[in-house]
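In the text below, chain A, chain B and the rest are named by the order of the sequence lines, each starting its count at 1. Predicted model, so just to flag it, every value in this text is computed and none were measured.
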Amino acid sequence: MRLSQGFVPTVKEIPADATIPSHQLMIRAGMVRALAAGVYVYLPLAQRVFGKVTRIVRDEMDRIGGQELLLPALSPIELWEQTGRVKAFGDTLFHVKNRPLVLAPTHEEVVCWLAKNHISSYKEMPQIWYQIQVKFRNEPRPRSGVLRGRQFMMKDSYSLDRSWEGLDRAYDLHAEAYRRIFTRCGLRFFVVGASSGAMGGTGSQEFMMESPSGEDVIALSEDGSYAANLEVASSQVPGAARVAGDARMEEIHTPGVKTIDALAEFLHVDQAMLAKSVVYWGGDRPVLVLMMGNDSLNESKLMSVLGVDVRPIEGEKLRELTGAEGGSIGPVGLKGFMILADARLKGANGLVSGANRNDYHLRNIDLDRDCTIEGYHDLRTVQEGETSVNGGGKLRIVRGIELGHIFKLGTKYADALGAKFLDENGKESPIIMGSYGIGIDRIIACHIEQNHDENGIIWDRSIAPFDVHLIAVSTRSAQVTETSEALYGELGRSGMDVLYDDRKETSPGFKFKDADLLGMPYQVIVGEKNLANGNIEIKERKTGRRKIVPKSELVETVRGLVTSKEPEWKP
RNA sequence: CGGGGCGUAGCGCAGCCCGGUAGCGCGCUUGGUUCGGGACCAAGAGGCCGGGGGUUCGAAUCCCCCCGCCCCGACCA
């Protein structure tokens, strides 16, 4: 591509709206332009990167037996009503106003519809179907450039199996394919155990990139052997000790004491003796959860225990239901609540908790004796520095960007939509599904997040829009122009993608700055002085290293660099 | 949806407090000079000051409403 004719609108100044490096650089390097909040135009350079990334994705998906198909962006709302996801998605689902259609945010329903109509025998499975397409989600707040948009490019694949073992196999194949894909795209990533959230299912893992711009929070063990989304992470923490004796429960006056810290100080006791009560709506049912001391409740964990959405009970309603305000609520004698407790409190006694009467607490509570606890579950949010559950050392809490997510869906969708098959014994069973997503835009943005410097992008060879950026330094020199033109042809003919800066009215400095900004792995610089000695300069973008080679060796040298596994630099 | 900020030329911004001829830098056009790290000189083009209503002799500027965009939070399959 000739820069003189191409559409690569670079900008010198940092766009005011962009706050993270990848967003700034994608605009500055002429890759994208915002059309509306969370909606981007992808310009030629970005489109080329898309091509490179999707080629890798297709390659790896095909390798595990995936078959690519194309699914519609529009789908009948009826399908979504059948799986209950119109409600589950809520406002995030885009509705079409003048037809009973929705813009698909993902395609489980459509795949399941397809399977229901066309897969009827165990002999027709397993299947892995995948698509690389635009998906739509009416995000309440798009942000961080293409990282969270209202429309975005996804690779989604769906596995159909006749057995749970088959699902495990498909899942493992995807996990391996994803490792290969992200590695080939030049990303440093890690895999974490994750919550399946509203997708449902029996297990899921996320492929994450560590980044301060990330929206997810992850707990990682020191030795790297444990990694989990904070939504599901757990750690080794001591449980409550049972104290000797069988002291009677009694009410104590605790004026103005509203927090666990204040209560511990007021009573001069360890926080481990205190049971904090937090109250939530679990669907439309009030739930009281007891946490040890100042442990914080993990709403995701509570949600998966209850199987419904949860939200805090607040204000007037709280007083009405408990007879007290936050800070004085407790499990003893509380009517109409489902009472759960964190696993740390199992079998505990001698505890202090709220008396459901403002400014009063109860002491010597024995959970076994004085309360009806409907279940003990791991409900706490892990803290930095705690020991990982697998003994892999202390936990570090970091932020991350989700690149991919794989789910064992099971039969949720097949059950809802009636996708069944006949097994070897002529028995009808629901098809067992998995679904596996990769955010293509995120691969690109994350690659830039991980690979840039103050001058611009530093593309990995695998997904760079071009292999080589050829610069004709001075266009008034006929020799430079002629040599550059010749090299443009030769480099192209030898199989390389070449971006050729042949602009006539552009100063050398400008061309160098643009080349660093655009970030192709290698720059071939044709300048007057070197050319006078029959030489041409090659610069490696990543390191800034340069070498001068004779004109006759240029094409071979560059080709060696572009195709070698580990480029050798012998200046 | 709550909190904050911002909408003025293609981009980045000043002007607004204190109403009175709409500015600067970059980019763009033309001519000339320059040519290895975002060149220089000269002459130009380009704006319903986000939209609507109000106050006023007069509004980019003051008041009200709306829209859009960004950030923090809520949310995030």
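- Taking atom CZ on A/Arg148 and atom P on B/G73, their separation rounds to 13 Å, with Å as the unit.
- Proximity note for A/Glu13 (side chain, C-beta onward) versus B/G37, B/C35, B/G25: the nearest is B/G25.
- Nucleic acid contact class of A/Ala34 (heavy atoms, under 4.0 Å, all strands): none.
- Among the nucleotides B/C35, B/C75, B/A39, the one closest to the side chain of A/Phe510 is B/A39.
- The nucleotide B/G68 finds its pairing partner in B/C6, both defining distances of the Watson-Crick or G-U wobble pair being shorter than 3.5 Å.
- Of all nucleotides listed (B/C35, B/G37, B/C75), B/C75 comes nearest to the side chain of A/Pro140.
- The partner of B/A22 cannot be assigned: no Watson-Crick or G-U wobble pair with both contacts below 3.5 Å exists in any strand.
- Taking atom C1' in both B/G50 and B/C6, one finds a spacing of 11 Å when rounded to whole Å.
- As judged by a 4.0 angstrom heavy-atom cut-off over every strand, A/Asp91 is placed among residues making no nucleic acid contact.
- Base pairing of B/C16: no nucleotide in any strand meets the Watson-Crick or G-U wobble criterion (both distances under 3.5 Å).
- Rounded to whole Å, the P atom of B/C13 lies 27 Å from the corresponding atom of B/C1.
- Rounded to whole Å, the C1' atom of B/G12 lies 16 Å from the corresponding atom of B/C28.
- Taking atom CZ of residue A/Arg150 and atom C1' of nucleotide B/C70, one finds them 13 Å apart after rounding to whole Å.
- The distance between atom CD of A/Glu505 and atom C1' of B/U33, rounded to the nearest whole Å, is 12 Å.
- Side-chain contact annotation: A/Lys12 with A/Thr10, donor-acceptor N/O pair under 3.5 Å absent.
- Counting to the nearest Å, the P atom of B/C72 and the CD1 atom of A/Ile20 are 10 Å from each other.
- The nucleotide whose nearest atom lies closest to any side-chain atom of A/Ala16 is, among B/G38, B/G12, B/C69, B/G12.
- For A/Glu528 against B/G36, a side-chain-to-base donor-acceptor contact under 3.5 Å is absent.
- Straight-line distance from the NE2 atom of A/His405 to the P atom of B/C76: 13 Å, rounded to whole Å.
- Phosphate proximity of B/C35 to A/Ser474: absent, as no side-chain N or O sits under 4.0 Å from OP1 or OP2.
- Base pairing of B/C49 is not made with any nucleotide, judged by Watson-Crick or G-U wobble geometry with both donor-acceptor distances under 3.5 Å.
- Across all strands shown, B/U33 is found opposite B/A39 as a Watson-Crick or G-U wobble partner, with both distances under 3.5 Å.
- When each of A/Lys529 and A/Pro105 is assigned the nucleotide of RNA chain B bearing its nearest heavy atom, the one mapping closer to the 5' terminus is A/Lys529.
- Rounded to the nearest Å, the gap between the C1' atom of B/C49 and that of B/A39 is 33 Å.
- Nearest to the side-chain atoms of A/Glu299 among the listed nucleotides B/C70, B/C75, B/G38 stands B/C75.
- In the set B/G37, B/G36, B/G38, B/G38 carries the atom at the smallest distance from any side-chain atom of A/Lys12.
- Contact between the side-chain N/O atoms of A/Thr19 and the OP1/OP2 oxygens of B/C71 is found at a separation under 4.0 Å.
- B/C66 and B/G2 are spaced 12 Å apart, taking the P atom of each and rounding to whole Å.
- The listed nucleotides are B/G73, B/G38, B/G36; the one nearest the side chain of A/Thr10 is B/G38.
- Using a 4.0 Å heavy-atom criterion, one finds that A/Asn530 contacts the bases of the nucleic acid, with or without backbone contacts as well.
- At the heavy-atom level, A/Ser144 lies under 4.0 Å from the strands shown only through sugar-phosphate atoms.
- Relative orientation of the A/His447 and A/Trp459 rings is parallel, given thresholds of 30° and 60° on the angle between their planes.
- Note on ring orientation: taking the six-membered ring where Trp is involved, the planes of A/Tyr178 and A/His174 are perpendicular (angle over 60°, cut-offs 30° and 60°).
- No side-chain donor-acceptor contact under 3.5 Å links A/Asp441 and A/Tyr40.
- Atom OH in A/Tyr280 sits about 12 Å away from atom P in B/A74, given to the nearest Å.
- As rounded to the nearest Å, B/G3 and B/G10 have P atoms that lie 33 Å from one another.
- Pairing for B/G44 goes to B/C28, judged as Watson-Crick or G-U wobble with the two contacts each under 3.5 Å.
- Between A/Asn298 and A/Glu231, the side chains place no donor N or O within less than 3.5 Å of an acceptor N or O (distance only, hydrogens not considered).
- Here the CE-OH distance, from A/Met1 to A/Tyr488, works out to 8.5 Å after rounding to the nearest 0.5 Å.
- Residue A/Arg28 places its side chain closer to B/G38 than to any other of B/G38, B/C35, B/C70.
- Rounded to a whole angstrom, the distance from the P atom of B/A43 to that of B/U61 is 33 Å.
- At a threshold of 4.0 angstrom between heavy atoms, the contacts of A/Asp516 include nucleobase atoms, whether or not backbone atoms are also involved.
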Review point. Should A/Glu325 and A/Leu318 be marked as a side chain to side chain contact (heavy atoms under 4.5 Å, CB included) after you check the CA-CA gap, both sets of side-chain angles, and the distance that decides it?
Key: CA-CA 7 Å; A/Glu325 293 177 46; A/Leu318 185 65; 5.5 Å; no
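- Atom pair A/Met303:CE and B/C76:C1' shows a separation of 11 Å (rounding to whole Å applied).
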Practice item. For A/Lys301 and A/Asp378, run salt bridge (Lys or Arg N to Asp or Glu O under 4.0 Å): C-alpha distance rounded to whole Å, both residues' side-chain angles, the deciding distance at 0.1 Å, then the answer. Key: CA-CA 7 Å; A/Lys301 290 183 180 178; A/Asp378 172 15; 3.1 Å; yes
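- Between A/Gln24 atom CD and B/C71 atom P the separation is 11 Å, expressed in whole Å.
- Comparing B/C63 with B/C40, their C1' atoms sit 49 Å apart, to the nearest whole Å.
- Atoms CZ and CG, on A/Phe466 and A/Leu499 in that order, are 5.0 Å from each other to the nearest 0.5 Å.
- Across the strands present, B/A60 finds no partner; the criterion is a Watson-Crick or G-U wobble pair with both atom distances under 3.5 angstrom.
- Within 3.5 Å, no donor on the side chain of A/Arg143 pairs with an acceptor on the base of B/C70, nor the reverse.
- The side chain of A/Arg141 contributes no N or O atom lying less than 4.0 Å from OP1 or OP2 of B/C69.
- Here B/G36 is the nucleotide among B/C35, B/G36, B/G38 with the atom lying nearest to any side-chain atom of A/Arg546.
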